Amino acid sequence: MSNTESRAPDFVRATIATEIAQGRFDGRVVTRFPPEPNGYLHIGHAKALCLDFGAAQEFGGHCNLRFDDTNPTKEETEYVDAIQDDIRWLGYAWGDHLYYASGYFEQLYQWAVQLIQAGKAYVDDLTPDEMRDYRGTLTEPGRASPHRNRSVAENLDLFARMRAGEFPDGAKTLRAKIDMASGNVNLRDPVMYRIRHAEHHRTGNAWCIYPMYDWAHGQSYSIERVTYSLCSMEYEDHRPLYDWYCEQLGIFHPQQIEFARLNISHTVLSKRKLLQLVNENIVAGWDDPRMPTLRGLRRRGYTPEAIRDFIERVGVGKTQNLIELALLEHCLREDLNKRAARVMAVLHPLKVVIENYPADQVEELDAVNNPEDATMGTRQVPFARELWIEQDDFREDPPKKFFRLSPGVEVRLRYAYIVKCTSVVHNERGQVIQVNCTYDPATRGGSTDRKVKGTIHWVSARHAIPAKVRLYDTLFLSPKPDEDEDWKTRINPNSLETLTNCFVEPALAHAAPGERYQFERTGYFYVDPDSSTDQRVFNRTVSLRDSWGKIEKQEQG
RNA sequence: UGGGGAUUGGUGCAGUGGUAGCACACCGGACUUUGGAUCCGUUGACGGAAGUUCGAAUCUUCCAUCCCCAGCCA
């Protein structure tokens, strides 16, 4: 934590600090987070969330949560609720400052009338195709609509009738009269209102004309007295438009500061693509643990603390970026290492029989719950003659540097005894199905003077609890799926592997959904909401760093 | 051939005229009853060219490359 605290402030915070010190906005700092309720929040939003809420907090101000619900055809209450839930989970609160752009519809309408009266806005009859044509291109100026010079009286009349519902969808628009030749296309008479005879999730059927985002945006800040509007780079081109609206209206306007949005390797973060993954059943839903949504990450077992730490480390800049997934995983492991209770679980079981251990004997052995945190105490783990160990922990013909169990070799069973492999049982296909060992009673608890290179985990077969384990990997094989010709071509066919034949130690009998554990030597696991006392389900949040896997890879060339 | 933004090691972020630093990744080592954690260490960067200056990643000019913008989406 100390390294992040001493870190230089990002340019956004530095700018705010400077301006506030100079007395701008009388020292007030009010930010806002303005989601459109048409989808779920993802980790990209977390960056904005942490900046908006974080900066406000640090400067003694507050952050408004405002839903930009200006398009009734796409928005739903379901999303409004989910978004609030996700923000709370991430650890932020907006107090009484919950707003909706739809709450400003009447004021916005009055301001539109004001612009018409000032000769700064007009009702247009162009079809979408015609409007595109008149708009020109990036290199050629646009042309004036034939309706651009309607009289104020006619515009007032037409606009009132638009509101009254006299025209069908798309028949007319209200446009700002700015500059059809501007190099900034946003200034070529942008649409302010469109006709949509659609029911709005909050205003119902009160309106049939709805403001465009650009028209609602800046003025909403003005109403809320927001001082800093922190948004992504793509809105830099829109800033002159927001400024124009506020200037024409003569109302307060905030300082907009743009920053680069977050990109992470091996994933996609566009609402459109995420929606597609859900709709095409490539994932099981918005909360599928492979999704980069906050709900998905939550179900995967991520902690809010890890996500916030990640966002802090990523920093804030204006350059296009691609953060390596490894950084996110590092933050996760660091957090989980401190808080997750250790436990033993065997994912791919292989039977071990301790030949010289009495068949009816059971010993309760002491095990540490978290070597990083003594206050988490100890527990007892039952040991008996027949055990399960990990298939990977035994090799009949061990490669170099393999420190685990193999014929004639000694290994430590964690917290139990030193055992030596004496023989192996094969099935008719030659596969190892059982390993026989002898144990050294003098090494109870695992202590010994001999040098034993390997320590492996185990579960007593008689006491083991069956479990289902879901192993997750990245959804995409390519680090930059967005750059692939078709972004879906590099989907990872093995992003989910479900193991149904796993055994966990009895301490997990009462593992409750939402709990996190470290399965020693394997990884961190989250008890899925699907889990019950009849069927335990664990999601692998992230694996432990695996230096043996790395060595093995190198040896194989 | 329009407007806007960007360019520091593999990936990010600092550094705003005076020996280029941090994190992650990588590689190597120490330690270890998790091949985990922890600790130590090694590689490795200022897009290019001119100019200003005693001195430039920082200032100037030109060039190159990348990203965004032509929804009645946000």
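Quantities reported herein were computed from a predicted structural model and do not represent experimental measurements. Note on naming: letters A, B, ... go to the chains in the order of the sequence lines (proteins, then strands), and numbering restarts at 1 for each one.
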Participant: A:Y104: what forms a ring pair (Phe, Tyr, Trp, His ring centres under 6.0 Å) with it, not counting sequence neighbours?
Facilitator: none
Participant: With sequence neighbours excluded, what pairs up with A:H457 under the ring pair (Phe, Tyr, Trp, His ring centres under 6.0 Å) test?
Facilitator: none
Participant: Not counting sequence neighbours, which residues clear salt bridge (charged side-chain N to carboxylate O under 4.0 Å, His left out) with A:K74? List them please.
Facilitator: none
Participant: At under 4.0 Å between heavy atoms, which parts of nucleotides 38-47 of chain B does protein reach? Answer with one letter per nucleotide, 5' to 3': B base, S sugar-phosphate only, - none.
Facilitator: ----------
Participant: Can you name the salt bridge (charged side-chain N to carboxylate O under 4.0 Å, His left out) partners of A:D393, sequence neighbours left out?
Facilitator: A:R404, A:R521
Participant: Can you say whether the rings of A:H217 and A:Y213 are parallel (under 30°), tilted (30 to 60°) or perpendicular (over 60°)?
Facilitator: tilted
Participant: Kindly write out the residues that satisfy salt bridge (charged side-chain N to carboxylate O under 4.0 Å, His left out) with A:D243, not counting sequence neighbours, or none if the list is empty.
Facilitator: none
Participant: Which nucleotides of nucleotides 69-74 of chain B have their base under 4.0 Å from a protein heavy atom (B), which only their sugar-phosphate (S), and which neither (-), written as one string 5' to 3'?
Facilitator: BBSBSB
Participant: Return the set of residues passing ring pair (Phe, Tyr, Trp, His ring centres under 6.0 Å) with A:Y302 (not counting sequence neighbours), or none when no residue passes.
Facilitator: none
Participant: Does RNA chain B take part in any stems of at least 3 consecutive Watson-Crick or G-U pairs (both distances under 3.5 Å), and if so, which ones?
Facilitator: B:2-7 with B:64-69, B:10-13 with B:21-24, B:27-30 with B:38-41, B:47-51 with B:59-63
Participant: Applying ring pair (Phe, Tyr, Trp, His ring centres under 6.0 Å), name anything that partners A:Y524, two or more places apart in sequence or on another chain.
Facilitator: none
Participant: Quick one: side chain to side chain donor-acceptor pair (under 3.5 Å) pairs with a partner in residues 315-329 of chain A, sequence neighbours left out?
Facilitator: A:E236-A:K318
Participant: Applying salt bridge (charged side-chain N to carboxylate O under 4.0 Å, His left out), can you list everything that pairs with A:R450, at least two apart in sequence or on another chain?
Facilitator: A:E410, A:D440
